[in-house]
S.K.: 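Below is a structure I'd like to ask you about.
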There are 2 protein chains.
Amino acid sequence: MSMNNIDNTDLTKPEKRNAFSELMSSRGRQQRHIREHNNEAKECQSYSFSARDGLGPYIAHPESHSANTVVYYNDDFVVIHDKFPKSTLHLLLLPRDTEKTRLHPFDAFEDIEFLNKVKAEVKKLRPLAASELRRQFGKYSAQEAMRQEALNAETPPDELPAGRDWDKEIMCGVHAHPSMNHLHVHIISMDRHSERLKHRKHYNSFSTPFFVRIEDFPLARDDPRRHPGREGYLRWDFVCWRCGNNFGNRFSELKRHLEEEFEHWKRL
Amino acid sequence: MSMNNIDNTDLTKPEKRNAFSELMSSRGRQQRHIREHNNEAKECQSYSFSARDGLGPYIAHPESHSANTVVYYNDDFVVIHDKFPKSTLHLLLLPRDTEKTRLHPFDAFEDIEFLNKVKAEVKKLRPLAASELRRQFGKYSAQEAMRQEALNAETPPDELPAGRDWDKEIMCGVHAHPSMNHLHVHIISMDRHSERLKHRKHYNSFSTPFFVRIEDFPLARDDPRRHPGREGYLRWDFVCWRCGNNFGNRFSELKRHLEEEFEHWKRL
DNA sequence: TATTCCGATAGTGAC
DNA sequence: GTCACTATCGGAATGAG
């Protein structure tokens, strides 16, 4: 799925290495060297320094990770599959700009030029994500039936029926209080159908204003989402993203309901 | 282990039956009759009417229960094994006096004559309980070694060494806020070694002033134990009954510690 | 203030 | 604010016709 490759040697040029060094934690060069020496895939994914720095290795060395994880990368971005997806499709868009990657997204996106670069990359990424949804669920979808039929015809037509607009089923944005230190934009399908969705915060971080869509930036100075703790988004009742039913504190009941909704959703 | 039997027919004499009828809940005679008809052992132990009336059947019909449960009974008392023992030895002394059995122990024991009858029965029961502890743990006890040795000699002496004073390892009293509606006095060994000890309240109800020893009655008017909720005994930190160590809220750690203490305690 | 089951909540440790 | 493990805490039902 890799779309662009960057010359590996670019990353080892002195100026580049210095830049990437800033991605690392505050420990000294020597220890960093030891770590880079042990830089196997398994090691990279563990919480070697801090649990919150887990995205750093993907940004620093996307080429050293499996294609199962890294969707694509270029000079400015790395796109990976979230290791703990909270929906059937859950990607992370990681800007590599060393001036931004350690910033809170609200601060990073104050730079309109940078924001626009991110928005442009999201715009590029959306169709990729939509096509992945079609690949996974097209066979169940009523709206896809004609398109699938045309595809399977003996002589497929030059122009396929549009089928379902999967782009509508994807949302892109950041958490008002990210848990990982490196700037990351979630590209996530709506379904919330995942074994990894286990806690209240998992659900509400994608289903309340705690999730701030990229198109909502730049954020107004008085936007309440700037104070997610004060607003208590993560403690809100569970509300189904699709039907709006309120499940109070009953997470298990919500999970069972999400299963049902998923079955309907993929058949639309 | 039964020491006294009462004539079964006594319980069915009209005046007696009326008396025992008061032990039942507020439902009518007809339903009561149906219940007594279904009065099998299993049925008696279930929470047929209310979870808090579970001791009633033992008081009303001790003769219809297994000797594994009923230790002994006479006209005035029934002694049973607690169905959910919170120590290796845990008996309940149940006064049968229909004027008292529905009272809170603090009220029932205001009647000094009645209190003295209960104290006398406790005094009788203690040696029985102590001998049961000796039976169970004498073989581990250092203080019992000489006595056990004498017992196992070819010609046992007329007078055995005293051995360990197991009476000290028993405490007798009531809960400041009993959970079961019928008046009951706990006869319980100190060890708190039981699979049934599962919750904070289980432990603290026997290890704080929430447990009021029978010898502390009559209770002063201003005794703080009259207000167990206000005093918050059941919410106290866990404190080992033997070494006094404080385990905070860490119930599991307390449980592991109790296991160790038990191994030492039985070897004294 | 019973037990039991189920589930929500809270604290910890991760190299 | 990661995950994963353990454990604490919290509500609801508990029978029988």
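Protein chains get the first letters and strands the later ones, always in sequence-line order, with residue 1 at the start of each. Just so it is clear, the structure is predicted and the values come from calculations on it, not from any experiment.
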S.K.: Under 3.5 Å, which donor-acceptor pairs link side chains of residues 233-242 of chain A to any protein atom two or more places apart or in another chain?
M.R.:
residue : atom : partner : partner atom : Å
A:D237  : OD2  : A:N246  : ND2          : 3.2
A:W241  : NE1  : A:D191  : O            : 3.4
A:R242  : NH1  : A:E261  : OE1          : 2.5

S.K.: When you measure from every atom of DNA chain C, which of residues 214-244 of chain B have a heavy atom less than 4.0 Å away?
M.R.: B:L234
S.K.: Measure the acute angle between the ring planes of A:H186 and A:F206, then classify it against the limits of 30° and 60° as parallel, tilted or perpendicular.
M.R.: perpendicular
S.K.: Taking A:K201's backbone N and O only, do any of them form a donor-acceptor pair with A:H199's side chain (distance below 3.5 Å, no angle check)?
M.R.: no
S.K.: Salt bridge check, B:R102 against B:D107: does any charged N sit closer than 4.0 Å to a carboxylate O?
M.R.: no
S.K.: Between the protein and nucleotides 10-12 of chain D, list the N/O to N/O atom pairs that are separated by less than 3.5 angstrom.
M.R.:
none

S.K.: Would you mind reading off the distance between A:F251 atom CZ and C:dC6 atom P, rounded to a whole angstrom?
M.R.: 18 Å
S.K.: Using whole Å, what does the distance between atom C1' of nucleotide D:dT2 and atom CG of A:N204 come to?
M.R.: 17 Å
S.K.: Provide the full list of salt bridge (Lys or Arg N to Asp or Glu O under 4.0 Å) pairs with a residue in residues 203-224 of chain A, sequence neighbours left out, each pair given once.
M.R.: A:E110-A:R221, A:D216-A:R225, A:D223-A:R225
S.K.: Using atom CZ of A:F84 as one end and atom C1' of D:dC3 as the other, report the distance to the nearest whole Å.
M.R.: 5 Å
S.K.: Is the backbone N or O of A:G56 less than 3.5 Å from a side-chain atom of A:D53, with the two atoms forming a donor-acceptor pair by type?
M.R.: no
S.K.: Tell me the interatomic distance from A:H202, atom NE2, to C:dT9, atom C1', rounded to whole angstroms.
M.R.: 14 Å
S.K.: For A:H257, give me all partners under ring pair (Phe, Tyr, Trp, His ring centres under 6.0 Å), at least two apart in sequence or on another chain.
M.R.: A:F247
S.K.: DNA chain D: A:K86 or B:R250, which has the more 5' nearest nucleotide?
M.R.: A:K86
S.K.: Could you label the plane-to-plane angle of the B:H65 and B:Y58 rings as parallel, tilted or perpendicular, counting under 30° as parallel and over 60° as perpendicular?
M.R.: tilted
S.K.: Kindly express the pairing pattern of DNA chain D in dot-bracket notation, using | wherever a base pairs with another strand and counting only Watson-Crick or G-U pairs under 3.5 Å.
M.R.: .|||||||||||||...
S.K.: For B:F217 and B:F109, take the angle between the two ring planes, folded into 0 to 90°, and tell me which bin it lands in: parallel under 30, tilted 30 to 60, perpendicular over 60.
M.R.: perpendicular
S.K.: Once you round it to whole Å, what is the distance between P of C:dT4 and CG of B:L197?
M.R.: 12 Å
S.K.: Whole angstrom is fine here: how far is it from CG in B:L55 over to P in C:dT3?
M.R.: 12 Å
S.K.: Can you tell me the distance, in whole Å, between the CZ atom of A:F247 and the C1' atom of C:dG7?
M.R.: 16 Å
S.K.: CG of B:D53 versus P of C:dT3: gap in Å, rounded?
M.R.: 15 Å
S.K.: What's the separation between atom CZ in B:F251 and atom NZ in B:K198, rounded to the nearest 0.5 Å?
M.R.: 10.0 Å
S.K.: Which comes earlier along DNA chain C counting from the 5' end, the contact point of B:S179 or that of B:K198, where each point is its nearest nucleotide?
M.R.: B:S179
S.K.: State, to 0.1 Å, how close A:S194 and A:K255 come at their nearest heavy-atom pair, and which atoms those are.
M.R.: O-NZ, 2.9 Å
S.K.: On DNA chain D, compare the nucleotides closest to A:K201 and A:R196; which residue's is nearer the 5' end?
M.R.: A:K201
